Amino acid sequence: MDQLLLNVPFTASVMDLFRDAVVVTDAQGIILQVNKTYQDISGYTEEELIGQRPAKVKSGRHGDTFYQAMWQDLKSIGYWEGEIWDRRKNAELYPKWLKIQAIRDSLHQITHYVGVFHETKNPNPSFHERERLANIDPLTGLCNRRCYRENLIQICHDLSPKEQFIQLYVDIDRFKDINERYGYVVGDDLLTIFADRIRSLWHEINDNLLVPIGRDQDELLARFSGDEFLMGFRFLKREGIDVDVLLQRISNALNAPYKARGQTIHVLSSVGMAQLHVDASDGDELIAHSEAAMYVAKQTGGDGTMIFTQSIRDILERKRLIERSLISAIKAHQFELYYQPKIGGLSRQVCGYEALVRWNHPELGMLSPTEFIPIAEETGAILPLGDWILEQACQYAKRLHDLGFHNLPVAVNVSAAQLSDPGWLDRLLLTLKSTQLPAHLIELELTETQLLNDIDHSTDIITYIRSLGIKVALDDFGTGYSSLSYLRNLPLDTLKIDRSFVSHLKEGQESYDLAIIKAVTALAKQLGIALVAEGVEQPTQEKILTDIGCDQLQGYLYSKPIPAKEFLALCLRSLAAEDA
């Protein structure tokens, strides 16, 4: 810094005499001096500014042509004056009236630039100023959802037959993991830097178009929600833009490493694209279709791009149909519970079973829960559906109990939405009371991700549930965080090893999956927790798991999920075989 302060035009005491904000740069535009007013307005300290370029506080509201014209004036006439938007350290945008004067030496060579400015924002903002503030995302300075939709409506109205408009929907992959690993402060900084990169990329692409269109228009950029961003590009059809190349260019640029608060963070993103008047007829549909394309890219592993197609349209229509009919389907008795047995590792007899919901949709036929449960969770329908599943499973378990199966617990999956619902626990207790099912005959299956969303709350709930005699199982163990530390504090009855580990087991062959199962088995024994292996399909898998010491086995080797009547017959056969 000392080297940078050599030959500056003002002393520190003179700089602080100015009531307006003052910044001094060298001939190359590197900041040498700022006064106290500049620091107060910008939110940056002197140490953060000196050695940087004024572009550090750029708002992104002005394109390259704006700054090129400014520098042309400074180099030719040595002076520029006008209103310009900048961005504070906290990402807030603000307008200022800026005067820049070039300082020359005896040879008439420019040695410094001095900028003086004051804020032009009215302390009593007008209606239009309040509208502007309502349209800006405060973290990133980009348009918010409302602002972008309004701009998009205008584009849909103004777009000529000679023009083309493409909508991009960008989502950061596994952003929640980044927040959990680095903290929300770093996460917010990353979002700001990500938004800056999107902004720079948008301007770079637009400024390189062969035939600029509406370069004076607002940026077609937005932080739509959380870690989701929108980018829109409007250009003449005759420019022949290769959208595949464009998408790959954007994906590569956004996936380059980021630095936030001293951390180097590697970010991957999923990008979906839809085109106006080709894939959608209005702005809302355009955003929805680009989002649908993004989700397809994410479901195929993330870190990719996807263009909206007819097949995605079909998937979207199917999803909308499911959404519309979820609630009414419960009342119309379209759901049915299937049951899959758990087999004792040593006895080879049915020792429990899992309730799995199926939907016999009048138009789509029999639906798997892997298709409609995520939609139910998104829409909130999982709460009434979950209550129905729990009630039906308890009624069936009570029926089996009354037939003599006194030690055959039913396992019911519980979603994160149910666990966090304040009224869910009361409804659970009411169901047990109304069905008169003994508490030890129900086991609630939860996943690691659900539990770790709020580990303290989860622990309290589980502790209380188990005090009533209800069993609790951890489902899909090994596919989530798999941190052993939380198992020490969570009061669990059962661990279920995910089928992905079981499927690769082969007799006489040591493997990574086998080593994991052995380690988990030993851990479960030490903690006094029962172990269930899912996805058992081959006799060799059964033998390996039995030799290791798995308490219970579940999979197609014994039975696929079957309707209630078939399951009852299976139980009766198992009982008869045991008596024989």
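Because the structure is predicted, anything quoted here is derived from the model rather than measured.
Using modelled atom types and a 3.5 Å distance limit, the side chains of Gln554 and Glu354 yield a donor-acceptor pair. Under 3.5 Å, the side chains of Ser368 and Glu371 contain no donor-acceptor pair of N or O atoms. Between Asp314 and Gln310, the side chains place a donor N or O and an acceptor N or O closer than 3.5 Å (distance only, hydrogens not considered). No side-chain donor from either of Gln248 and Thr305 sits under 3.5 Å from a side-chain acceptor of the other. Inspection of the Asp171 and Ser270 side chains reveals no N or O donor paired with an N or O acceptor under 3.5 Å. The closest side-chain donor-acceptor pair between Ser269 and Asn255 falls under 3.5 angstrom. Of the N and O atoms on the side chains of Lys398 and Thr435, not one donor lies less than 3.5 Å from an acceptor on the other residue.
Residues Leu367 and Asn360 form no side-chain contact, since every pair of their non-hydrogen atoms from C-beta on lies 4.5 Å or further apart. At least one side-chain heavy atom of Met273 sits less than 4.5 Å from a side-chain heavy atom of Val243. Residues Leu230 and Ile287 are in side-chain contact: their nearest non-hydrogen atoms beyond the backbone lie under 4.5 Å apart. When side chains are defined from C-beta on, Val520 counts as touching Ile516, because their heavy atoms get closer than 4.5 Å. In this structure, the side chains of Leu276 and Ile166 stay at 4.5 Å or more apart for every pair of heavy atoms. The closest side-chain heavy-atom distance from Ile497 to Val532 is not below 4.5 Å. By the 4.5 Å heavy-atom criterion applied to side chains, Ile529 and Leu523 are not counted as neighbours. Pro384 is listed as a side-chain neighbour of Ile327, based on a closest heavy-atom distance under 4.5 Å.
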Begin from the C-alpha positions of Lys543 and Asp547 and carry the test salt bridge (charged side-chain N to carboxylate O under 4.0 Å, His left out) through to its verdict. CA-CA 6 Å; Lys543 183 178 185 307; Asp547 291 345; 3.0 Å; yes
Could you walk me through whether Lys433 and Leu429 pass the side chain to side chain contact (heavy atoms under 4.5 Å, CB included) test, one step at a time? CA-CA 6 Å; Lys433 182 178 180 180; Leu429 299 179; over 6 Å; no
For a salt bridge (charged side-chain N to carboxylate O under 4.0 Å, His left out) check, start with the C-alpha distance between Glu378 and Lys319, then their side-chain angles and the critical distance, and finish with the verdict. CA-CA 11 Å; Glu378 289 176 16; Lys319 181 182 178 183; 3.2 Å; yes
Evaluate the ring-ring contact (aromatic ring centres under 6.0 Å, His included) criterion for residues Phe194 and Phe229: first the C-alpha distance (whole Å), next the side-chain angles of each, then the deciding distance (0.1 Å), finally the verdict. CA-CA 10 Å; Phe194 190 85; Phe229 297 81; 5.2 Å; yes
Verdict with supporting geometry, Arg313 and Glu317, salt bridge (charged side-chain N to carboxylate O under 4.0 Å, His left out): CA-CA 6 Å; Arg313 186 189 300 274; Glu317 286 301 319; over 6 Å; no
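Arg174 and Asp227 are not joined by a salt bridge, as no carboxylate oxygen comes within less than 4.0 angstrom of a charged side-chain nitrogen. Comment: Arg358 does not engage Glu336 in a salt bridge, judged by the lack of any side-chain N to carboxylate O separation of less than 4.0 angstrom. Asp137 and Arg145 are not joined by a salt bridge, as no carboxylate oxygen comes within less than 4.0 angstrom of a charged side-chain nitrogen. Under a 4.0 Å N-O distance rule, the pair Arg149/Glu285 does not qualify as a salt bridge. Contact check on Lys342 versus Glu443 returns a salt bridge, with a Lys/Arg side-chain nitrogen under 4.0 Å from an Asp/Glu carboxylate oxygen. Under the 4.0 Å criterion applied to side-chain N and carboxylate O atoms, Glu228 and Arg223 are not assigned as salt-bridge partners.
A cation-pi arrangement is present between Arg197 and Tyr258 under the rule of less than 6.0 angstrom and at most 45 degrees off the ring axis.
Judged by distance alone, the side chain of Arg499 and the main-chain N or O of Val536 form no donor-acceptor pair under 3.5 Å. With hydrogens and angles ignored, the 3.5 Å screen pairs no side-chain donor or acceptor of Asp493 with any backbone N or O of Ala473. The closest donor-acceptor contact from the side chain of Gln392 to the backbone of Ile389 lies at 3.5 Å or more, if one exists at all. Remark: side-chain polar atoms of Ser281 are not paired, donor with acceptor, to backbone N or O of His277 under 3.5 angstrom. A donor-acceptor distance shorter than 3.5 angstrom exists from the side chain of Lys471 to the backbone of His440, with no hydrogens or angles considered. A donor-acceptor pair is defined here as one N or O able to donate and one able to accept, closer than 3.5 Å; no such pair exists between the side chain of Gln526 and the backbone of Ala522. Panel note: side chain Glu323, backbone Ile375; no donor-acceptor pair is recorded below 3.5 Å. Without hydrogens or angle criteria, Asp173 side chain to Asp303 main chain gives a donor-acceptor distance under 3.5 Å.
Centroid-to-centroid, the aromatic rings of Tyr396 and Tyr339 come within less than 6.0 Å. Aromatic pair Phe567/Tyr353: centroids less than 6.0 angstrom apart.
Note that OG of Ser500 is 7.0 Å distant from CG of Asp513, once rounded to the nearest 0.5 Å. The distance from atom CD1 of Ile465 to atom CG of Asp460, rounded to the nearest 0.5 Å, is 11.0 Å. To the nearest 0.5 Å, the span separating NZ on Lys506 from CG on Leu514 amounts to 13.0 Å. Here the straight-line distance linking atom CG of Asp284 with atom CG of Leu152 works out to 8.0 Å at 0.5 Å rounding. The CG atom of Leu403 lies 6.0 Å from the CG atom of Leu568; values are rounded to the nearest 0.5 Å.
Nearest approach of Leu545 to Ile517, heavy atoms of both residues: CD2-CG2, 4.0 Å. Nearest heavy atoms, Leu441 versus Ala397: O-CB, 4.5 Å. Summarising the geometry of Ala292 relative to Ile312, their closest heavy-atom pair is CB-CG2, 3.9 Å, with the distance given to 0.1 Å. Considering all non-hydrogen atoms of both residues, Cys143 and Leu221 come closest at CB-O, 3.2 Å. In terms of heavy-atom proximity, Ala195 sits nearest to Leu142 at CB-CD1, 3.8 Å. The two residues Val502 and Gly535 come nearest to each other via the heavy atoms CG1-O, 3.7 Å.
Under the side-chain hydrogen bond (donor to acceptor under 3.5 Å, both in side chains) criterion, no residue pair touches residues 288-297, with sequence neighbours excluded.
Counting non-hydrogen atoms of neighbouring residues, nucleotides and ligands closer than 6.0 angstrom, the NE2 atom of His504 reaches no more than 12 such neighbours. Dense packing is recorded around CZ of Arg320, with more than 12 heavy atoms of other residues, nucleotides or ligands lying under 6.0 Å away. With a 6.0 Å radius and a threshold of 12 heavy atoms from other residues, nucleotides or ligands, Arg249 has its CZ atom above the threshold.
The aromatic rings of Trp359 and Phe372 stand perpendicular to each other, their planes meeting at an angle above 60°, with 30° marking the opposite boundary.
Applying side chain to side chain contact (heavy atoms under 4.5 Å, CB included) to Leu444 and the options Leu428, Ile462, Ile461, Asn413 leaves one that passes, Leu428.
Listed by chain and residue number, nothing satisfies the salt bridge (Lys or Arg N to Asp or Glu O under 4.0 Å) test with Asp426 (two or more places apart in sequence, or in another chain).
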Scan the side chains in residues 555-566 for donor-acceptor partners under 3.5 Å anywhere in the protein, sequence neighbours excluded, and list what turns up.
residue	atom	partner	partner atom	Å
Tyr558	OH	Glu542	OE2	2.8

